[in-house]
Amino acid sequence: MLTRVSLTGSLGLALLAAAAFPALAQDRGGGLAQAEWAQNYDSAATMRVQRSNTPILSPQTLAATEQMVERYRDIVARGGWQPVSGAERLRVGSKSPAVTALRQRLIVSGDLDPAAGSSPVYDSYVEAGVRRFQARHGLNQTGAMNITTVQAMNVSADVRLRQLELNAVRLRSYSGNLGERYVIVNIPAALVETVDGDHVATRHAAGVGKIDRQSPIMNAKIQEVNFNPYWTVPASIIKKDLIPKMQKDPSYLTDNKIRIFNGDREIPPSQVNWHSDEATRYRFRQDPGVDLNSMGFVRINIPNPHGVYMHDTPAKGIFGDDFRFVSSGCVRVQNVREYVSWILQGTPNANPDTIEAIIQGGQRVDAKPLAPIPVYWTYITAWSTPDGLVQFRDDIYKRDGAGAPTASMAAAAAGPRNFNPDAPDDDQTN
């Protein structure tokens with residue numbers, strides 16, 4: 001359990017690092033001369049971030065976050081940390097005065113042992129410290145510096161403190177009985193947790209709502225799993241996405257197996273005037289199919305007033321991106337087979353072989369869990385785990401009011417690396 005540590009000057013920081021990283025704080029027999037980039041066998045093992053099995057909505061996380069607030073008040077009182085500059089291209093083997101400043105930045109936030117020294121060489125200890133920092137901020141753990149890592153490092157300590165204080169209040173609002181089995185969607189982290197009792201059963205990267213099509217904060221219940229669903233395109237996406245795509249590529253609907261219906265009668269795309277709003281008067285439905293259907297092979301039905309849900313996706317490349325704000329409000333789930341198996345636990349359809357057979361069969365199958373499962377779509381941008389590891393995420397929807405610039409804004413402008421801009425978006429199905 002994290003305990004409050006009063007830190008004063010460099011001695012306090014050294015003691016904190018020695019407690020957090022005991023193996024790294026041992027006598028190296030060579031001091032700075034040994035802190036070279038080739039020693040990855042030691043530093044990577046010491047600095048590795050272990051995933052906690054404590055749910056983000058739990059009394060343990062709340063208590064740890066409240067204690068982390070006290071630690072960050074101490075950091076702010078000591079002057080916080082200095083921003084880093086000229087570090088965007090640094091990696092193992094680099095030698096620059098910017099590396100010295102980077103070391104100091106990592107030391108203050110507890111990502112690097114002060115005993116690693118002040119060498120201007122980007123060695124294995126700096127690399128491991130950067131990996132640790134990236135892991136705590138939801139970034140790909142490359143160990144090399146880049147613009148998103150620099151931007152996250154340059155959010156000030158007082159902004160991070162305000163995030164922790166605000167999110168402690170948010171966590172406290174979930175202090176009641178959430179259920180024996182439940183699901184957490186943390187929107188800023190683009191992460192889904194399934195919870196059994198007091199521990200995380202599975203974790204899944206997620207794709208959540210774009211900045212201009214936000215996923216709602218809400219509580220709902222998983223009522224049903226729909227295998228091999230159709231996707232019915234909502235009017236907003238017809239206007240914003242399908243009409244412009246058809247103007248550019250008249251074969252788009254046919255290639256993506258999207259049919260047009262006027263009532264119950266199917267009409268060909270050639271009969272629609274795509275340079276008007278005529279298309280908004282019709283119903284568009286995409287055929288089932290894992291490779292093309294925006295639902296992938298499964299939709300998780302969570303009735304709610306926002307008309308959103310959780311589902312698979314054929315665009316699985318998004319799950320490797322730092323920036324996963326890509327949907328029209330729904331939540332796309334990585335490793336959805338494992339997720340569905342957990343939902344249907346105790347039923348015949350929970351068996352992985354059965355799930356695969358249903359998928360391959362291609363027919364619509366609706367399966368219910370033993371009982372409706374609570375699901376909480378939350379907005380938590382800062383929290384701490386009982387092992388003392390503090391996590392921060394970008395305030396992507398600007399709900400914190402802390403004034404933090406976000407690394408994700410740069411990614412939003414560029415678009416996610418692996419996202420297919422031609423894939424139809426999600427929002428509604430039947």
Side-chain angles (χ1 to χ4, degrees), residues 5-26 28 30-37 39-40 42-44 46-49 68 71-137 139 141-161 163-164 388-392 404-405 407:
V5 181
S6 179
L7 304 177
T8 306
S10 59
L11 176 60
L13 287 168
L15 291 173
L16 172 63
F21 317 125
L24 191 58
Q26 292 173 358
R28 293 177 176 76
L32 295 181
Q34 291 236 344
E36 293 298 332
W37 61 270
Q39 297 183 347
N40 195 51
D42 181 15
S43 60
T46 304
M47 306 292 281
R48 186 177 297 118
V49 172
M68 191 59 67
R71 177 182 159 189
Y72 266 69
R73 284 174 179 164
D74 288 336
I75 292 175
V76 170
R78 294 194 312 273
W81 48 69
Q82 296 300 312
V84 297
S85 62
E88 290 83 355
R89 298 181 183 275
L90 295 177
R91 58 199 65 246
V92 170
S94 298
K95 185 175 182 180
S96 166
V99 177
T100 303
L102 174 61
R103 285 179 185 269
Q104 292 305 309
R105 170 64 181 85
L106 294 170
I107 286 170
V108 175
S109 57
D111 294 301
L112 182 65
D113 180 358
S118 57
S119 167
V121 176
Y122 198 114
D123 57 27
S124 63
Y125 296 112
V126 175
E127 179 192 37
V130 170
R131 285 184 189 275
R132 180 181 174 88
F133 178 90
Q134 290 168 331
R136 294 194 304 103
H137 292 76
L139 304 174
Q141 298 170 49
T142 63
M145 294 295 291
N146 52 46
I147 185 62
T148 53
T149 302
V150 170
Q151 287 176 324
M153 284 187 177
N154 286 344
V155 175
S156 66
D158 61 329
V159 167
R160 293 307 192 194
L161 171 59
Q163 277 189 278
L164 284 165
L389 193 72
V390 62
Q391 298 271 349
F392 295 102

inquiry  = Run Val390 and Gln163 through side-chain contact (heavy atoms from CB on, under 4.5 Å) and show every step you take.
reply    = CA-CA 11 Å; Val390 62; Gln163 277 189 278; over 6 Å; no

request  = Walk me through it: do Lys95 and Ser119 pass the test side-chain contact (heavy atoms from CB on, under 4.5 Å)?
outcome  = CA-CA 9 Å; Lys95 185 175 182 180; Ser119 167; over 6 Å; no

message = Quick one, Leu106 with Phe133, criterion side-chain contact (heavy atoms from CB on, under 4.5 Å). Give me CA distance, side-chain angles, the key distance, then yes/no.
response = CA-CA 8 Å; Leu106 294 170; Phe133 178 90; 4.1 Å; yes

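Although no hydrogens or angles enter the test, the distance criterion places no donor-acceptor pair under 3.5 Å between the side chain of Arg91 and the main chain of Tyr122. Side-chain N or O atoms of Trp81 include none that pairs as donor or acceptor with a backbone N or O of Asn154 at under 3.5 Å. A side-chain donor-acceptor contact under 3.5 Å links Arg105 to the backbone of Met153.
Scanning for side chain to side chain contact (heavy atoms under 4.5 Å, CB included) contacts around Ser85 gives an empty result, with sequence neighbours left out. Scanning for salt bridge (charged side-chain N to carboxylate O under 4.0 Å, His left out) contacts around Arg73 gives Glu70, Glu165, with sequence neighbours left out. Residues passing the side chain to side chain contact (heavy atoms under 4.5 Å, CB included) test with Gln82, sequence neighbours excluded: none.
The minimum heavy-atom distance between Gly86 and Ala98, with the atom names listed, is O-CB, 3.7 Å. Contact between Val126 and Val99 at its shortest, heavy atoms only, is CG2-CG1, 4.4 Å. Nearest heavy atom pair, residue Leu102 against residue Val84, reads CA-CG1, 4.1 Å. Residue Thr149 comes nearest to Ala144 through the heavy atom pair OG1-O, 4.4 Å, listed as atom of the first residue, atom of the second, then distance. Nearest heavy atoms, Ala157 versus Gly80: CB-CA, 3.8 Å.
By the 4.5 Å heavy-atom criterion applied to side chains, Gln104 and Val108 are not counted as neighbours. At a threshold of 4.5 Å between non-hydrogen side-chain atoms, the residues Leu389 and Arg132 count as touching. The shortest distance between side-chain heavy atoms of Ser109 and Arg136 falls below 4.5 Å.
The distance from the CD1 atom of Ile75 to the CZ atom of Arg71 is 4.5 Å, given to the nearest 0.5 Å. In this structure, CG in Asp113 is found 11.0 Å from CZ in Arg103, a value given to the nearest 0.5 Å. Taking CD of Glu127 as the reference point, atom CG of Leu112 lies at 12.0 Å (rounded to 0.5 Å). The OG1 atom of Thr148 sits 10.5 Å away from the CD atom of Glu88 when rounded to the nearest 0.5 Å.
Defined by atom type and a distance below 3.5 Å, a donor-acceptor pair is missing between the side-chain atoms of Gln134 and Arg131.
Taking the ring axis of Phe392 as reference, the NZ or CZ atom of Arg160 stays within 45° of it and closer than 6.0 Å to the ring centre.
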